[in-house]
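Just so we're clear, the structure is a prediction, and the values are computed from it rather than from any experiment. In what follows, residues are counted from 1 in the order of the sequence shown.
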Amino acid sequence: MSEKVEIIKLTSAEISTLWSTYLNVNVVNCFMTHYLETCNDPDILEILKETNHFAEKHQNEIEQLFLKEKIAIPNGFNANEHVVSNAPKLFSDVFYITSVLQMCKFGITSHTASFTLAAREDIRVLFKDLIDDVSHLYNRVVNCMQEKGIYIRLPAMNYPSKVDYINNENILTGWFGKKRPLLGIEVTHLSSNGYQNDMGKVLCTGFSQVAQDREVKDYFLRGKKLCKSISASIYEVIEESEVSTGMPWDQSITNAEVAPFSDQFMLYIIGILSALGITGYGAGISTSLRRDVGAMYANFIAKTVAFVEDGINLMIDREWMEQPPKIMEQEK
């Protein structure tokens with residue numbers, strides 16, 4: 001008599017991370033569909049093709065797992081429904097590869113977190129493969145951008161020449177008097193958050209130009225204003241310490257008036273970026289010892305949370321927000 005094989009069900013963490021990963025892969029696929037139609041740079045085009053290949057591969061792998069486990073496959077974002085075929089180019093090729101760079105950074109971070117939350121071996125193998133694919137793509141993107149001279153490095157600093165210890169409370173100052181120079185880790189988070197808001201501003205500007213829904217268009221314009229304000233505050237703090245942030249990458253937006261994506265898709269994208277922004281500000285607070293910098297991040301979080309909440313309400317009002325997996329309510 002053969003031994004009975006125990007079927008280990010997926011945990012709540014495994015289900016939720018697979019669900020969100022599936023939607024994120026849908027997003028990449030939609031972006032690539034438009035990018036591939038409109039990209040002119042042959043080097044960037046090859047990277048977009050590989051990005052699309054990985055997106056389709058990852059989507060299929062998760063779909064097969066859902067079918068095997070008898071889990072409902074999310075509607076997500078199908079390119080046939082949410083990408084306008086033959087729509088005019090809205091952003092530049094440099095923006096295309098820059099957005100792939102940001103997708104890779106997010107993918108490596110989210111897949112790694114999902115890997116550490118997974119208990120079942122097949123799920124760990126899946127996320128390990130996703131990490132390997134996205135890491136490979138990230139290296140290729142960085143190399144391409146450096147060769148073209150469009151990769152923006154984070155600010156440089158002097159090499160520490162000796163071990164030192166903090167011997168007074170000046171490390172915490174920031175409200176009054178002379179402010180101490182920023183720490184390397186503070187510059188890192190400030191610069192990263194500044195660049196992310198620069199990208200958010202470009203997306204909000206482009207999306208507001210082509211959105212069909214008046215309320216959604218106004219929301220994108222509000223997002224543009226918020227990103228611009230946050231970036232200005234961040235760069236002001238960096239410049240006070242006389243730190244160079246490098247030249248901004250190409251932010252050109254065409255004069256296209258036809259949307260390449262549905263309003264639903266564009267609104268979802270701004271929601272993702274806003275949530276990532278909140279995560280970034282939280283990380284900044286956790287590593288900043290200057291009181292004024294911590295307070296600035298707290299202000300960013302409060303404003304962005306309010307912005308995200310209004311975006312969610314817009315999606316709910318239009319029945320555009322898909323219900324994530326939830327714990328079943330128990331009868332009382």
Side-chain angles (χ1 to χ4, degrees), residues 13 16-17 20-21 24 101-118 127 131 134-135 138 152-160 163-201 223 226-227 229-246 270-309 311-312:
S16 58
T17 53
S20 59
T21 300
N24 292 335
L101 179 72
Q102 295 301 320
M103 291 174 193
C104 288
K105 289 181 178 180
F106 171 67
I108 292 169
T109 302
S110 63
H111 297 332
T112 301
S114 299
F115 174 81
T116 63
L117 291 171
F127 279 114
I131 293 169
V134 180
S135 298
Y138 176 79
I152 305 301
R153 294 176 179 270
L154 291 174
M157 63 180 289
N158 296 329
Y159 287 10
V163 176
D164 201 1
Y165 286 88
I166 300 168
N167 55 20
N168 57 54
E169 294 182 1
N170 290 339
I171 192 76
L172 302 174
T173 58
W175 294 116
F176 306 105
K178 184 179 180 180
K179 299 176 182 177
R180 65 156 174 81
L182 294 167
L183 302 175
I185 190 64
E186 291 170 336
V187 172
T188 297
H189 283 282
L190 285 166
S191 300
S192 297
N193 283 309
Y195 295 157
Q196 186 162 311
N197 272 280
D198 287 341
M199 187 168 189
K201 182 177 69 175
L226 178 60
C227 289
S229 172
I230 290 175
S231 290
S233 298
I234 287 174
Y235 292 137
E236 182 180 353
V237 172
I238 294 176
E239 289 167 5
E240 284 176 354
S241 289
E242 299 182 355
V243 176
S244 173
T245 56
I270 297 306
I272 290 178
L273 289 180
S274 299
L276 289 175
I278 294 170
T279 301
Y281 306 146
I285 286 180
S286 69
T287 57
S288 297
L289 295 178
R290 256 178 48 175
R291 297 187 185 101
D292 62 322
V293 175
M296 181 180 71
Y297 277 129
N299 179 258
F300 293 165
I301 290 174
K303 290 181 177 179
T304 308
V305 166
F307 179 71
V308 169
E309 185 174 324
I312 290 174

S191 and I238 have their tightest heavy-atom pair at OG-CD1, 3.8 Å
Say you draw a straight line from OG of S110 to CE of M103; how long is it, rounded to the nearest 0.5 Å?
12.5 Å
For S288, the side chain to side chain contact (heavy atoms under 4.5 Å, CB included) test, sequence neighbours excluded, returns E186, V293, Y297
What is the distance from atom CE of M199 to atom CG of L101, rounded to the nearest 0.5 Å?
8.5 Å
So the side chain to side chain donor-acceptor pair (under 3.5 Å) pairs with at least one residue in residues 232-243 (sequence neighbours excluded) are D198-Y235
Qualifying residues under side chain to side chain contact (heavy atoms under 4.5 Å, CB included), relative to T109, sequence neighbours excluded:
none
Taking every non-hydrogen atom, the tightest pair across G282 and I301
N-CD1, 4.1 Å
Y195 to R153 - nearest heavy-atom pair and separation
OH-O, 3.7 Å
Non-hydrogen atoms of V243 and P155 that approach each other most closely:
CG1-CB, 3.4 Å
For the atom pair CG (N24) and NE2 (H111), what is the distance rounded to the nearest 0.5 Å?
8.0 Å
Interatomic distance, NZ@K303 vs CD1@I278, rounded to 0.5 Å, equals 14.0 Å
Side chains of N193 and I230, heavy atoms from C-beta outward: is any pair under 4.5 Å?
no
If you compare all heavy atoms of A113 against all heavy atoms of T116, which two are closest, and at what distance to 0.1 Å?
O-OG1, 2.7 Å
Please name the pair of heavy atoms, one in T21 and one in S114, separated by the smallest distance, quoted to 0.1 Å.
OG1-OG, 4.4 Å
Does S229 reach the main-chain N or O of L226 with its side chain, forming a donor-acceptor pair under 3.5 Å?
no
How many angstroms lie between atom OG of S231 and atom CG of L190, to the nearest 0.5 angstrom?
11.5 Å
Going from CD1 on I131 to CZ on F115, what distance comes out if it is rounded to the nearest 0.5 angstrom?
6.0 Å
Could you pull out all residues at least two apart from A13 that satisfy side chain to side chain contact (heavy atoms under 4.5 Å, CB included)?
T11, L117
The criterion is side chain to side chain contact (heavy atoms under 4.5 Å, CB included); which residues satisfy it with L273, sequence neighbours excluded?
L203, I269, L276
Could I get the full list of ring pair (Phe, Tyr, Trp, His ring centres under 6.0 Å) partners for F106, not counting sequence neighbours?
none
Side-chain contact, heavy-atom cut-off 4.5 Å: T287 with T188?
no
